[in-house]
Trainee: 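The structure's right below; bear with me while I get my questions together.
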Amino acid sequence: MEMTQYLDIFIEESKEHLQAINQQVLLLEKSPEELSIVNEIFRSAHTLKGMSATMGYEDLANLTHCMENVLDAIRNKKITVTTQVLDVLFTSLDHLEAMVVEISEGGSGKRDVSETVRDLEALEKGEMTKSVAHKADNRAELSQSFDQYEKQVILQSKEQGFHAYELSISLRKDCILKAARVYMVFEVIEQIGEIIKSIPSVDMLEAEQFESDFKLSILTKETGEELKQRIMKVSEVDEVVVSEINTERLNDSVHTESGHSAEKINAANETKKDDSSSSSAGGSAAGKTIRVNIERLDQLMNLFEELVIDRGRLEEISKMLKSAELNETVERMSRVSGDLQNIILTMRMVPVEQVFNRFPRMVRGLAKDLGKNVNLEIVGAETELDRTVIDEIGDPLVHLLRNSIDHGIEKPSVRSASGKDETGTIYLRAYHSGNHVFIEIEDDGAGINRQKVLEKALENGIITKEMSENLTDKQCFELLFASGFSTAEVISDISGRGVGLDVVKNKIESLGGSISVDSTAGYGTIFSIQLPLTLSIMSVMLVEVQKEKYAIPLSSIIETAIIKKEEILSAHNQKVMDFRGRVVPLVFMKEIFEVPSAMEASEYVPVVVVRKGDKMAALVVDSFIGQQEIVLKSLGQYLSSVFAISGATILGDGQVALILDCNALIK
């Protein structure tokens, strides 16, 4: 069988299983007596080993097999879960992840893991489980037709409290690794029972000499429902029919020939299909998925962006020609393309869990290195975000978490002396609000020392002595994001709070987001990140400044208004207006962007009130054009530093409109 065509599937599923094992081992550390967690780890390890062996990656399969032996000893209570055991398991996972990464980059997956293997064998204390080859031999022997022996074994096992089941298992029709899936099913069953017969034989199953159905007779103390649930967890298993074997049926089938057995299997399969036809038409179809390369989704999005631009052009032409038929067609096209846009954006949305899942392991290792006790609480991991944003947000979050652990959470002795729990807690939250996703990193540590921040800012020349006297706490904490700012006395590979926070801020703002920080001395610090749901298509308010057009993101707009010139007031050398009892500064777009005068000033002044956090400003424009869906295009590397402009878009009439960065204007 040619394996290269299945490589992508192997890599993706291997990463998923390794992530699952990582999570379960972390849970095991918190609940070392919980054997159900060990069983979950064992199942994932079994699956990974089977896939690796099938694909021919022996080093990967062998290391996983050694892990299995230790896990088997744990669940049989021959080994107690200790920090040493968990450290060795985590080291093994590091090797496995490195092998999979190398395979994904075109390598052979070979790696020197002899030291880790010795550690695993030392943990196991020489009590090795049966080898895979020995298990395969047993399976081959047991799969022979020996009904008389089967009957005898079942009768004896029933007296000892065992159940005898006949399993009819169906793989998905489009299953591409049938032998591997069968191997996984065998491994799952052998964790809780014994296989005494298989039809077709094991040799035929391994050679994939069967369609999609096979049949097993097994002995176990588990219930039929539990057995079915375990087997259904194996990927690409479509259906499992479990029936208990009784003595009368065995008496009728003692001398059954193998050909007749095959007929019985087909009859059972036909019955099974009849029984399940009604449910499969509805329920099972809903769970079908397909893996799609992200590059294809990117191409689809790019094509749709062009469609949005052409849609805008058609709307302009329709207004000019005033054709009822054309107008009706364009409206229908707008509705259909709007639905298409929602589907494409939804396809690109993935839960932030994909990023968050790697942090518990990192926090554990870092806390251990620093001699601290840290508990990471993750909330809202199911919150969805555009894949493009997900790919970029990981590194900033890593940096913020490392800072929280290093200089936020205190040493256990310090926490204890101040009346706190010795174990510090970091909360990592994600939630939706409007067209944005908010991510918060909060710790219950020492908080930020205001005086120390001011002293460092003065020392680095970031602020003057006069400025420092009038800064609020929030403005003071914002200094952490100044370039090169650091309150760390010793710069380590972990970094002090503030090191690189300017890079973090730049990265988040490049994604169209913003970051803020707040802190209470002695109680902790919270970093809050605001991110757009998607980067490609956004809703904007088009405005005109003289003869130039600008786009203001709707997510930043509170309200639009038209005021009279006499309503413009002055305060502290700044033009302001009264907005619902609040003084809001005016920002004159014509002056900011030095737009040449082409129209006479009117006594009425259109303004767009925008917000960034708790700050507001009113942008003064010449006229409103209206709301529109636009495609965000980058200005390129040569124009990357243009003030208050985050990008551009092509309008329906072919003109280019610049997209305003309201955060920069408010600042």
Side-chain angles (χ1 to χ4, degrees), residues 308-309 312-313 315-320 322 509 512 538-580 582-612 615-667:
V308 170
I309 293 171
R313 179 63 177 149
E315 289 171 347
E316 289 288 330
I317 294 172
S318 174
K319 290 176 184 177
M320 290 169 55
K322 297 180 180 179
E509 289 186 345
M538 64 170 66
S539 297
V540 298
M541 166 69 76
L542 286 176
V543 297
E544 201 166 35
V545 180
Q546 297 298 309
K547 293 296 184 181
E548 295 184 3
K549 293 178 180 177
Y550 294 87
I552 304 173
L554 281 185
S555 57
S556 300
I557 298 175
I558 301 175
E559 192 173 313
T560 60
I562 297 177
I563 62 173
K564 292 183 177 180
K565 279 190 174 180
E566 53 262 32
E567 293 179 38
I568 298 177
L569 310 172
S570 294
H572 303 290
N573 298 321
Q574 166 76 52
K575 296 294 184 182
V576 298
M577 62 174 277
D578 180 11
F579 177 71
R580 304 189 188 283
R582 181 171 174 177
V583 177
V584 175
L586 293 173
V587 178
F588 292 84
M589 304 297 295
K590 179 182 173 182
E591 297 174 6
I592 292 289
F593 296 113
E594 299 178 0
V595 181
S597 295
M599 296 186 299
E600 292 184 5
S602 169
E603 62 174 310
Y604 293 99
V605 180
V607 295
V608 181
V609 182
V610 294
R611 173 177 56 194
K612 176 196 175 188
K615 298 178 183 177
M616 292 195 300
L619 309 183
V620 178
V621 299
D622 288 322
S623 63
F624 305 130
I625 298 175
Q627 181 181 337
Q628 190 171 324
E629 294 270 319
I630 58 101
V631 177
L632 176 64
K633 296 290 186 182
S634 169
L635 292 177
Q637 59 181 0
Y638 295 110
L639 299 173
S640 59
S641 59
V642 177
F643 173 72
I645 300 296
S646 60
T649 187
I650 302 173
L651 301 177
D653 58 2
Q655 291 187 47
V656 173
L658 298 176
I659 301 169
L660 300 182
D661 180 359
C662 295
N663 293 342
L665 289 171
I666 292 174
K667 191 186 305 178

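Position 1 is the first residue of the sequence, and the numbers go up from there.
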Trainee: Within this structure, what is the CG-OH distance for the pair L619 and Y550, rounded to the nearest 0.5 Å?
Mentor: 12.0 Å
Trainee: Could you grab the distance from atom NZ of K564 to atom CD of E566, nearest 0.5 Å is fine?
Mentor: 5.5 Å
Trainee: Find out whether M577 and I568 are in side-chain contact, i.e. whether some heavy atom of one side chain is under 4.5 Å from a heavy atom of the other.
Mentor: no
Trainee: Return the minimal non-hydrogen interatomic distance between M589 and V620, and the atom names on each side.
Mentor: CG-O, 3.1 Å
Trainee: Can you check side-chain contact (heavy atoms from CB on, under 4.5 Å) on L665 and F643, steps first, answer last?
Mentor: CA-CA 9 Å; L665 289 171; F643 173 72; 4.3 Å; yes
Trainee: With side-chain contact (heavy atoms from CB on, under 4.5 Å) as the test, would you mind laying out the steps for V607 and F579 before giving the verdict?
Mentor: CA-CA 11 Å; V607 295; F579 177 71; over 6 Å; no
Trainee: Would you give the length of the straight line joining atom CD1 of I552 to atom CG of D661, rounded to the nearest 0.5 angstrom?
Mentor: 12.0 Å
Trainee: Any idea which heavy atoms bring A561 and F624 closest together, and the distance?
Mentor: O-CZ, 3.7 Å
Trainee: Starting at CD of E548, measure out to CD of Q655 and round the result to the nearest 0.5 Å.
Mentor: 10.0 Å
Trainee: Could you report the tightest heavy-atom contact between K549 and E544, atom names first, then the distance?
Mentor: CE-OE2, 4.1 Å
Trainee: For L660 and I645, what are the C-alpha separation, side-chain angles and deciding distance, and is it a side-chain contact (heavy atoms from CB on, under 4.5 Å)?
Mentor: CA-CA 5 Å; L660 300 182; I645 300 296; 3.8 Å; yes
Trainee: Can you name the closest pair of heavy atoms from V584 and A618 and give their distance?
Mentor: CG1-N, 3.6 Å
Trainee: Could you walk me through whether E567 and D578 pass the side-chain contact (heavy atoms from CB on, under 4.5 Å) check?
Mentor: CA-CA 8 Å; E567 293 179 38; D578 180 11; over 6 Å; no
Trainee: Would you say that K547 contacts P596 through its side chain, given a criterion of any heavy-atom pair below 4.5 Å between the two side chains?
Mentor: no
Trainee: Please report the shortest heavy-atom distance between Q546 and V595, naming the atom on each side.
Mentor: CB-CG1, 3.6 Å
Trainee: Sub-3.5 Å donor-acceptor pair from the side chain of Q628 to the main-chain atoms of V540, do we have one?
Mentor: no
Trainee: Which atom pair, heavy atoms only, marks the closest approach of I666 to R611?
Mentor: CD1-C, 3.5 Å
Trainee: Is it true that, when you exclude Y604 itself, more than 12 heavy atoms of the residues, nucleotides or ligands shown sit nearer than 6.0 Å to its OH?
Mentor: no
